[in-house]
Every structure is written in C-alpha cells, then in structure tokens.
Amino acid sequence: MIRVNVLYPAKPGGRFDFEYYMQRHTPMVKDRLTPFGMTALTADKGMAGLAPGVPATYVCVCNLEFRSMDDLQRGLAAHGAEIMGDIQNYTDAQPVIQVSEVLA
C-alpha cells in the first residue's frame with residue numbers, strides 16, 4: 001500500500017479554512033482519486049505538540065492511501081493540477097508532501 005502524507009505547517013497568523021477544506025476540497029479529492037485506486041482519506045486537525053504548551057507543528061495533516069504507486073501516479077496525472085490548484089482556496093500554507101510505502 002502507498003500512503004501520501006500532506007502536512008500543512010502551522011504558522012502564526014496563517015490561514016486555514018477547515019470548513020472549505022472538509023466541505024469542498026476533500027470531497028473533490030475523493031471524487032477524483034477514488035476511481036484511480038485511492039482507498040482511504042483521513043484529515044487531522046493539529047491541536048498541540050507533545051509537551052505542555054507546545055503548539056502543533058502542523059495545522060492539518062491529510063493521509064491518502066492507494067493500492068499501488070501506479071494508481072497514485074495515474075490519479076495525479078489526471079487530476080493533480082486541479083487538486084493542487086485548489087489549495088489557495090483554503091490556506092496560505094505551503095504543504096509538505098511525502099509518499100511512503102506502508103510497512104505495518
């Protein structure tokens with residue numbers, strides 16, 4: 001299985017519209033990528049760091065799971081520009097993206 005981690009760094013004064021993200025962006029991503037083998041999408045809202053009083057490193061973390069790297073690449077080839085182009089509608093954060101093979 002392949003997992004794509006999309007991490008949105010928290011920054012003072014940064015903008016992240018969770019209503020738009022959950023009501024419009026994630027449904028669009030599911031609609032576009034599920035036919036290309038995406039099997040799951042989860043979204044986490046950052047709350048805090050591990051130590052008391054430490055703010056969250058990321059305002060939001062999204063995980064997308066695919067059956068294979070080929071599925072991911074086909075989905076991104078078809079819809080990646082549209083998905084990435086929507087980011088400006090809900091945040092001014094520059095996402096950090098990592099693709100991983102799930103081992104456990």
Side-chain angles (χ1 to χ4, degrees):
M1 177 179 14
I2 300 300
R3 180 174 294 140
V4 180
N5 305 110
V6 185
L7 305 104
Y8 297 91
K11 63 180 180 179
R15 177 180 67 85
F16 198 98
D17 183 344
F18 277 98
E19 183 176 347
Y20 182 97
Y21 185 72
M22 295 306 299
Q23 298 299 317
R24 301 195 57 195
H25 184 75
T26 57
M28 182 263 292
V29 170
K30 288 178 185 179
D31 181 66
R32 303 302 190 272
L33 297 181
T34 297
F36 290 92
M38 187 178 78
T39 59
L41 183 154
T42 61
D44 302 338
K45 184 177 184 178
M47 293 177 57
L50 189 55
V54 174
T57 303
Y58 300 101
V59 65
C60 183
V61 176
C62 183
N63 297 299
L64 299 86
E65 294 182 357
F66 289 83
R67 294 180 302 225
S68 70
M69 185 63 102
D70 286 342
D71 287 345
L72 168 61
Q73 291 172 338
R74 288 184 311 106
L76 291 179
H79 298 290
E82 176 186 14
I83 291 167
M84 297 301 287
D86 192 46
I87 292 172
Q88 66 183 351
N89 293 320
Y90 59 88
T91 188
D92 57 3
Q94 179 65 42
V96 175
I97 301 172
Q98 177 170 302
V99 177
S100 304
E101 178 183 6
V102 177
L103 300 177

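How far CZ of R24 is from OG1 of T26: 11.5 Å, rounded to the nearest 0.5 Å.
A donor-acceptor pair under 3.5 Å is absent between the side-chain atoms of S100 and the main chain of V102, judged by distance alone.
Grouping the Ile, Leu, Val, Met, Phe, Trp and Tyr side chains by contacts below 4.5 angstrom, directly or via other members, places L64 with Y21. Using a 4.5 Å cut-off between side-chain heavy atoms of Ile, Leu, Val, Met, Phe, Trp and Tyr, with links allowed through other members, L72 and M1 fall into different hydrophobic clusters. With hydrophobic clusters built from ILVMFWY side chains whose heavy atoms lie under 4.5 angstrom apart, L41 shares a cluster with V99. In the hydrophobic clustering of this structure, L76 groups with M69; members are Ile, Leu, Val, Met, Phe, Trp, Tyr whose side-chain heavy atoms approach within less than 4.5 Å, directly or through other members.
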Practice task
Begin with the C-alpha distance, continue with both residues' side-chain angles, and end with the deciding distance and a verdict on side chain to side chain contact (heavy atoms under 4.5 Å, CB included) for T91 and D17.
Solution key: CA-CA 6 Å; T91 188; D17 183 344; over 6 Å; no

Exercise for the section: Before giving the answer on side chain to side chain contact (heavy atoms under 4.5 Å, CB included), spell out for I97 and N5 the whole-Å C-alpha distance, their side-chain angles and the decisive distance to 0.1 Å. Expected result: CA-CA 6 Å; I97 301 172; N5 305 110; over 6 Å; no

Practice task
Report the C-alpha distance between L33 and I83 in whole Å, list the side-chain angles of each, state the deciding distance to 0.1 Å, and finish with yes or no for side chain to side chain contact (heavy atoms under 4.5 Å, CB included).
Solution key: CA-CA 10 Å; L33 297 181; I83 291 167; 3.8 Å; yes

Handout entry: Worked verdict on D86 versus M28 for side chain to side chain contact (heavy atoms under 4.5 Å, CB included)
Key = CA-CA 10 Å; D86 192 46; M28 182 263 292; 3.8 Å; yes

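Side-chain contact between V4 and N63: absent, with no pair of heavy atoms (C-beta onward) separated by less than 4.5 Å. Taking the side chain as every heavy atom from C-beta outward, Q98 and V6 never approach each other to under 4.5 Å.
In terms of heavy atoms, S68 sits closest to I2 at C-CG1, 3.6 Å. For the residue pair A93 and P9, the shortest heavy atom distance occurs at CB-O, 3.8 Å. Minimum heavy-atom separation, F66 to F36: CD2-O, 4.1 Å. For the residue pair N89 and R15, the shortest heavy atom distance occurs at O-NH1, 3.7 Å.
Sorted by first and then second residue, the salt bridge (Lys or Arg N to Asp or Glu O under 4.0 Å) pairs with a member in residues 57-68 read R3-E65, R67-D71; sequence neighbours excluded.
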Let me check something: any side-chain donor-acceptor pairs from residues 42-62 under 3.5 Å, sequence neighbours excluded? List them with distances.
none

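Ring pair F18/Y20: centre-to-centre distance not below 6.0 Å.
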